[in-house]
Amino acid sequence: MTFKVVHYINQFYAGMGGEDTAHVKPSSQEGAIGPGMQLDQLLGEEASVVGTVICGDSYYGEHMDEARAECLRLIEAFEPDMVIAGPGFNAGRYGVACGDICAAAGDELGLPSLTALYHENPGVEMYHKKTFIVETVDSARGMRSALPKMAELALKIIRKEPMGPAAEEGYIHRGMRRGFFHERTGAERAVDMLLQKIKGEPFQTELEMPVFKKITPAPPVVDLKKATIAICSSGGIVPKGNPDHIRVSSAEKYGKYDISGINDLTPDNFESIHGGYDRVYALEDPDVVLPVDVMRELEKEGVFKKLYDFAYTTTGTGTAVANAERFGQEIGRELKEAGVDAVILTAT
Amino acid sequence: MVREIENVAGIPVVQIATIVPIMMTVGTNRIVPGVAIPHPVGDPEAGPEGDRKKRRELLMRALKAMTTEVHEQTIFEK
């Protein structure tokens with residue numbers, strides 16, 4: 001039998017136009033069009049592009065829920081065995097749409113999926129754990145090299161062949177680790193790696209550390225005497241009784257606490273619930289982690305204008321980076337809206 | 001958290017914590033090294049007065065950090 005593949009592309013690759021048609025709603029056509037024709041050939045006898053689903057990039061980006069639902073409906077109508085999207089290279093909206101369709105095909109239709117993107121495409125960060133993403137260069141000049149890699153990996157997936165490590169198979173890692181018996185012990189491999197490092201030779205770690213982004217520093221506060229300053233902490237300082245039930249570790253939320261009438265944190269009004277450090281001092285005087293007392297003093301002295309009425313706190317131990325980033329984004333939006341000029345964040 | 005607040009709000013976020021390499025890794029731009037992990041902005045072992053004095057000193061340094069223009073990740077030691 002021939003496996004059935006549905007290919008997702010945007011308005012541009014469907015030949016509908018560029019930005020002027022980026023608002024077109026989802027539609028579908030029988031068979032392959034655009035880059036799908038080459039893909040269909042590369043899939044050979046074993047698999048065939050039976051249909052193409054098309055959506056304008058802006059429409060997808062601006063109406064994600066509707067676009068996803070409609071695209072899934074169109075995909076399902078072809079009764080496919082797999083969904084392939086793109087390649088989207090470094091096109092932001094298209095890359096996100098490709099990743100989103102692939103992820104949804106898996107989550108909602110139970111179909112395997114694959115796309116191909118440039119590693120900095122925002123769709124990679126968002127969806128690499130949910131689908132196979134073949135790494136491409138940043139523009140469509142990489143079409144010729146991307147399609148054969150996509151076809152090869154697609155066939156492997158569709159045949160349900162055992163999948164090797166991301167780096168060997170040519171897709172972006174999905175954050176998965178599979179246990180297996182290695183012929184050499186961890187100690188031997190670690191020493192080898194160390195020797196390679198000392199010699200300045202290339203080596204491959206077995207445990208990738210997360211890579212954090214860097215940002216351009218925000219401009220400084222111009223006039224401190226007119227500034228409203230907020231305090232935040234990942235040191236687990238919360239009102240006594242922990243009203244929001246923030247977890248002692250691996251926090252999934254943060255609290256926003258009114259400190260407007262408070263001049264001093266004491267064991268009667270606040271406490272530390274942090275599970276990652278010795279809380280003796282913080283329980284005795286929570287100001288050693290969330291410095292309300294001295295901030296209030298400096299406010300009264302007129303060193304700066306105002307201590308912002310709310311403090312944001314959470315527990316920063318074992319907390320997923322993605323959660324910490326989300327907390328920061330939500331807090332940042334609120335502080336911006338509140339007209340806060342700067343933040344002091346303490347961490348334990 | 002620090003990085004994303006600064007990124008979204010476009011305002012300086014000064015971090016006071018003890019492990020400087022972690023602040024460098026997560027992308028904090030204005031760093032004030034704290035006293036110790038369980039009490040970054042205090043020195044309870046120095047008694048109530050010494051504790052408060054230390055807290056004030058660190059917060060004054062944080063205020064200085066937020067009013068200082070920086071072009072890269074900067075550690076405010078003094």
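Lettering follows sequence order; numbering is per chain, from 1.
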What heavy-atom pair brings [X] and [Y] nearest, and what distance separates the two atoms?
X      : Y      : answer
A:P291 : B:R55  : CB-CD, 3.5 Å
A:A347 : B:A17  : O-CB, 3.3 Å
A:V288 : B:P38  : CG2-O, 4.3 Å
B:G10  : A:P219 : O-CD, 4.2 Å
A:I215 : B:N29  : O-ND2, 3.2 Å
A:A342 : B:M66  : CB-SD, 3.4 Å

Chain B contacts, top residue of [options] (heavy-atom pairs, under 4.5 Å):
options                        : answer
A:E330, A:R326, A:E301, A:H274 : A:E301
A:V321, A:L224, A:L290, A:V222 : A:L224
A:T216, A:D223, A:V289         : A:V289
A:R279, A:E337, A:M295, A:E297 : A:E297
A:Y254, A:Y281, A:F304         : A:Y281
A:P217, A:G235, A:A324, A:S233 : A:P217

Between A:D287 and B:R52, does at least one N-O distance fall below 4.0 Å, as a salt bridge requires?
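No, A:D287 and B:R52 are not salt-bridged.
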Any salt bridge between B:R3 and A:E325, counting N to O under 4.0 Å?
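Counted as a salt bridge, because a side-chain N and a carboxylate O are separated by less than 4.0 Å.
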Tell me whether B:E6 contacts the main-chain N or O of A:A218 through its side chain, where contact means a donor paired with an acceptor under 3.5 Å.
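Side chain of B:E6 to backbone of A:A218, a donor-acceptor pair under 3.5 Å: yes, one is there.
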If we ignore hydrogens and angles and just use 3.5 Å, is the side chain of A:R333 paired with the main-chain N or O of B:I5 as donor and acceptor?
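Judged by distance alone, no pair lies under 3.5 Å.
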Which atoms of A:V303 are under 4.5 Å from chain B, going by heavy atoms: the side chain, the backbone, both sets, or neither?
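When you check distances to chain B, only side chain atoms of A:V303 fall under 4.5 Å.
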Residues B:I11, A:V221; criterion side chain to side chain contact (heavy atoms under 4.5 Å, CB included); working and verdict
CA-CA 8 Å; B:I11 56 175; A:V221 172; over 6 Å; no
Given a strict heavy-atom distance threshold of 4.5 Å, which part of B:D51 is in contact with chain A: side chain, backbone, both, or neither?
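For B:D51, side-chain heavy atoms alone lie under 4.5 Å from chain A.
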As an exercise, state the distance from CD1 of A:I331 to CE of B:M1, rounded to the nearest 0.5 Å.
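One finds 4.0 Å between CD1 of A:I331 and CE of B:M1.
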More than 12 heavy atoms of other residues, nucleotides or ligands under 6.0 Å from NZ of A:K213: is that the case?
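Counting other residues, nucleotides and ligands, NZ of A:K213 exceeds 12 neighbours.
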Can you find a pair of side-chain heavy atoms, one from A:I229 and one from B:L63, that are under 4.5 Å apart?
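Yes. Closest side-chain heavy atoms under 4.5 Å.
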